Amino acid sequence: MKYDVKDLSLSKKGRLRIEWADDNMPVLNLIRARFAKEKPLTGTKVACCLHVTTETAVLMLTLKAGGADIALCASNPLSTQDDVAASLAKDYGIPVFAIKGENHKTYYGHIEAVLGYRPDLTMDDGADLVSVIHKKKGRIPLGGTEETTTGVIRLRAMEKENKLLYPIVAVNDAQTKYLFDNRYGTGQSTIDGIIRATNKLVAGTNFVICGYGWCGRGAAMRAKGLGANVIIVEVDPFKALEAVMDGFLVMPVARAAKVGDIFVTVTGDIHVLRPEHFRIMKDKAIICNSGHFNVEIDIPGLVKLSRKRRLTRDFVEEFVLADGRRIYLLGDGRLINLAAAEGHPAQVMDMSFANQALSAEFMKKNYRRLEKKVYKVPVDIDRRIAELKLVSMGIKIDRLTPEQKKYLASWEMGT
Ligand code: ADE
């Protein structure tokens, strides 16, 4: 079996940590037990391009239990947990191609390695795997799934231009994904990444969040909980209003740049923080990104403005500007929650990856009747995951009475 990981001797630690995640993923466990009996993915080759974490490992074991032949590479050069990659290769016999800190060439070499398995299905996070497949114009898979907002935006752009070559389920758009993973997962893990990297006190800081999508909402909620003065930067009037009503200050980035202590970008767009902002930031401002790609902060622009740069702590790079002010860039501008912390906790990835596993099964069953489009996760799958999660948490909910059902279905009844 081929693989490319940092160090196989890390596997023991990786195995123990995978077990920890597994213990916190009850919904995926139920799916794995059913997959082991029914083998719905028998003979299906699945190429996975995901953050190589303990939670992803549990998903890999689930797909394997379902009979799939899998190969895994990283969906970001800085998100791989090397001990997990080692354990997947050594203890579970899964071809893994991922090394934390890999350069651009190795990153794409690893995507090519996974494509060498001639996949029937792709499971992507950010759409780099799909993008390579479409640029190469080689063998086209039967179907795929996509994990994240950024990837779904890219796929929809391809669909719009009639360039998408096979059907893909947008896992991100399931309610049991974006309402929980994006909000509570990114919310907690972004703050976790900043704290692990800097060990700074968040209370009392001016904490600027660029983007008030689900990830931004989550980060804002958690920063507020830690006592920060949260400032939101937005371009969308609805989201800006929502941020105001949620109790946050809202202002343009040019104003926020002057007062912020910590900045996080979560917009999915390019150059949200750029030289005109670095020029007016306070001494010792901390800047980081939690969006999928490292384009939200104009790093080359920061480099040009700086007369000196050095790594001061793991994942903290100091840039000294001409007048002596210092700006601290975390995690090379890559998603800080996975670069400096461990990504979303298992409890939330449980639902995201339940969507992945069930969407892969759905795609295997249905690809023949699907068009080359981006599909939603079927509502019954999304709902079932929510129900199973509640059961796993020991929470019971109510049912409508027949009278209530009738009332909701009628239009004649008024006061
Ligand atoms: N994306 C964000 N957090 C993650 C995690 N823990 N595992 C895999 N993908 C993730």
Side-chain angles (χ1 to χ4, degrees), residues 14 17-25 27-28 46-63 70 72-85 87-88 94 96-98 100 107 122-129 145-152 170-174 176-194 196 213-219 222 264-266 268 288-294 331 334-357 359-360:
R17 294 202 318 110
I18 293 168
E19 272 175 32
W20 177 267
D22 192 30
D23 251 2
N24 286 289
M25 301 180 88
V27 179
L28 205 53
V46 188
C48 304
C49 180
L50 300 167
H51 300 295
V52 180
T53 64
T54 51
E55 294 75 26
T56 296
V58 181
L59 173 63
M60 295 301 101
L61 302 185
T62 306
L63 299 178
I70 48 186
L72 171 65
C73 64
S75 60
N76 187 287
L78 209 51
S79 61
T80 297
Q81 297 171 2
D82 288 317
D83 55 343
V84 171
S87 175
L88 282 174
I94 293 173
V96 183
F97 303 86
K100 187 168 178 121
Y107 176 74
T122 58
M123 192 170 274
D124 213 348
D125 185 327
D128 276 349
L129 180 63
T145 62
E146 168 56 49
E147 170 78 7
T148 202
T149 318
T150 295
V152 171
V171 164
N172 182 71
D173 294 358
T176 44
K177 202 281 182 179
Y178 72 85
L179 287 177
F180 301 91
D181 166 311
N182 300 24
R183 184 165 34 169
Y184 304 108
T186 309
Q188 175 169 316
S189 61
T190 297
I191 309 288
D192 184 18
I194 293 168
R196 286 200 211 191
W214 290 109
C215 296
R217 289 176 179 109
R222 295 306 180 231
V264 185
T265 54
V266 260
C288 67
N289 166 56
S290 217
H292 187 80
F293 288 116
N294 63 337
R334 298 203 183 274
L335 7 80
I336 193 60
N337 62 335
L338 281 141
E342 293 171 65
H344 305 170
Q347 288 94 335
V348 84
M349 293 312 293
D350 189 25
M351 286 191 282
S352 312
F353 283 166
N355 275 292
Q356 282 285 13
S359 295

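Whatever order the structure lists them in is the order used to number ligands and atoms, beginning at 1. Bear in mind that the values here come from a model prediction, so they are computed numbers and not experimental data.
- The minimum heavy-atom distance between Thr53 and Val84, with the atom names listed, is O-CG1, 3.4 Å.
- Close approach of ligand 1 to Glu342 (heavy-atom distance below 4.0 Å) involves ligand atoms 6 (N).
- For the pair Glu55 and ligand 1, the shortest N or O to N or O distance falls below 3.5 Å.
- The nearest heavy-atom contact from the protein to atom 1 (N) of ligand 1 is His51 CD2, 3.5 Å.
- Because its NZ or CZ atom is both nearer than 6.0 Å to the ring centre of Trp214 and within 45° of the ring axis, Arg217 counts as a cation-pi partner of that residue.
- Of the possible polar contacts, none joining the Ser87 side chain to the Asp83 backbone as a donor-acceptor pair under 3.5 Å is found.
- Annotation: Thr53 places an N or O atom under 3.5 Å from an N or O atom of ligand 1; distance criterion only.
- Set against the non-hydrogen atoms of Thr56, the atoms of ligand 1 under 4.0 Å away are 7 (N), 8 (C).
- For Leu338, the closest heavy-atom approach to ligand 1 falls below 4.0 Å.
- Looking at every heavy atom in both residues, Cys49 comes nearest to Ala74 through SG-O, 3.4 Å.
- Considering all non-hydrogen atoms of both residues, Ala47 and Leu129 come closest at O-CD2, 3.6 Å.
- The residue Glu147 has no part lying near ligand 1, judged by heavy-atom distances below 4.0 Å.
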Inset, instruction - May I have the step-by-step check of side-chain contact (heavy atoms from CB on, under 4.5 Å) for Arg222 and Tyr184, ending in yes or no? - result: CA-CA 9 Å; Arg222 295 306 180 231; Tyr184 304 108; 3.4 Å; yes
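- In this structure, atom 3 (N) of ligand 1 lies nearest to the protein heavy atom His344 N, 2.8 Å.
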